[in-house]
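Written below as structure tokens is the structure these notes are about.
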Amino acid sequence: MDAVPLIEDTRQALAHSTEAPDIVTEAWQAQALAEAVGSHLVLSGPPEVRVQAGGLREASGRACGSLRGPGQRADGARAALLTEIHDLFAALQDLGGLLDEAGGALVRVAIGAEEEGLYWRCIEGIDAADECGDRVAEILKRLADRPPSAPGPRAPGPRAPGRGSRAGPADTVGGRPAAREEVRGEAR
């Protein structure tokens, strides 16, 4: 199964979780997905991101260990269904968003935690979500910095302000988004 729908399934499950154990479980699911995406990129990603992908895999693997609850089996992760990544940029952007949301949800659980063990699991999960989010951002940056002639995926180009689609060649001036007047040829 492709990474993007798995990430979206986890995002929806996290959003609908209201009890602390469910939120921690979904944060664990998010980290398991990060580990699976990192593993996938180590094996078949562009060479320039494999080191960062290995770091993502290791950091998220540690987080899975700290977030896993008693009796929770590793083979219950949605990430076990990951077989491919069709749109690498969408998957990485969505994964970064999911990790951010999981970290925020864990903050809310930690604030209300009455058990010290749950509190510390959340703190470790928050730290891991931040670290993994940073690693995802670094992978995206490395992909964006690839030369145009490099094989494999490249990051989408800059977006013009206030527009939902990617800027085309006529929408940029000097590598920056162009103002509407510049796009119409009225640049001075």
Side-chain angles (χ1 to χ4, degrees), residues 1-45 49-143:
M1 184 171 192
D2 182 50
V4 172
L6 288 170
I7 293 166
E8 183 57 31
D9 288 349
T10 304
R11 176 176 268 149
Q12 290 298 318
L14 178 64
H16 291 99
S17 296
T18 56
E19 301 295 320
D22 297 333
I23 293 169
V24 173
T25 296
E26 293 308 324
W28 170 76
Q29 290 278 1
Q31 290 295 343
L33 278 169
E35 182 178 21
V37 168
S39 294
H40 183 82
L41 292 177
V42 164
L43 296 174
S44 60
V49 301
R50 290 184 180 165
V51 171
Q52 289 74 23
L56 174 62
R57 178 183 63 192
E58 290 171 21
S60 54
R62 286 191 307 271
C64 284
S66 66
L67 287 170
R68 186 175 299 133
Q72 189 176 23
R73 296 175 29 174
D75 61 355
R78 284 182 203 97
L81 302 173
L82 179 72
T83 57
E84 57 196 346
I85 301 175
H86 286 296
D87 185 339
L88 180 57
F89 299 103
L92 289 169
Q93 289 173 335
D94 290 353
L95 180 60
L98 174 61
L99 291 166
D100 187 48
E101 291 168 20
L106 288 171
V107 167
R108 291 186 295 280
V109 172
I111 289 170
E114 295 178 11
E115 296 175 26
E116 187 175 349
L118 175 60
Y119 173 81
W120 286 111
R121 281 175 60 203
C122 289
I123 296 302
E124 289 177 21
I126 294 163
D127 289 344
D130 286 344
E131 180 181 357
C132 292
D134 289 346
R135 292 181 186 269
V136 168
E138 179 62 27
I139 293 169
L140 283 167
K141 182 181 179 312
R142 288 205 179 244
L143 289 172

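We number each residue from 1, following the sequence as shown. As the structure is a computational prediction, the values presented were derived from the model and not from experiment.
Of the possible donor and acceptor atoms, none in the side chain of D94 sits under 3.5 Å from a partner among the backbone N and O of V4. For the pair S44 (side chain) and L41 (backbone), a donor-acceptor distance under 3.5 Å is absent. Counting only distance, with no hydrogens or angles, the side chain of R50 and the backbone of G45 share a donor-acceptor pair below 3.5 Å.
The shortest non-hydrogen separation linking V37 to A3 is CG2-CB, 4.5 Å. Heavy atoms only, all atoms of each residue included: I126 and G103 are closest at CG1-O, 3.8 Å. The shortest heavy-atom contact between T10 and Q29 is CG2-CB, 3.9 Å. Among all heavy-atom pairs drawn from A110 and Y119, the shortest one is O-CD1, 3.5 Å. Pairing each heavy atom of G54 with each of V42, the nearest pair is N-CG2, 3.3 Å. Closest approach of I23 to A105, counting heavy atoms only: CG2-CB, 3.6 Å.
Within the model, atoms CG of L98 and SG of C132 stand 11.0 Å from one another, a figure rounded to the nearest 0.5 Å. Of the inter-residue distances, the one linking L33 atom CG with H40 atom NE2 reads 13.0 Å to the nearest 0.5 angstrom. L81 contributes atom CG, which lies 9.0 Å from atom CG of D9 (distance to the nearest 0.5 angstrom). Atom CG of residue L118 and atom CD1 of residue I123 lie 10.0 Å apart, to the nearest 0.5 angstrom. Between the NZ atom in K141 and the CD1 atom in I139 there is a gap of 13.0 Å [rounded to 0.5 Å]. Distance check, rounded to the nearest 0.5 Å: CG of D22 to CG of L14 gives 10.5 Å.
E101 is linked by a side-chain hydrogen bond (donor to acceptor under 3.5 Å, both in side chains) to R11, counting only residues two or more places apart in sequence or in another chain.
By the neighbour-count criterion of 12 heavy atoms within 6.0 Å, atom CD of E84 is densely surrounded, having more than that number from other residues, nucleotides or ligands.
Salt bridge annotation for E26-R78: present, with a cationic side-chain nitrogen under 4.0 angstrom from a carboxylate oxygen.
Between L143 and L92 there is a side-chain heavy-atom pair separated by less than 4.5 Å.
Using modelled atom types, one finds no donor on one side chain facing an acceptor on the other under 3.5 Å when comparing Q31 with E35.
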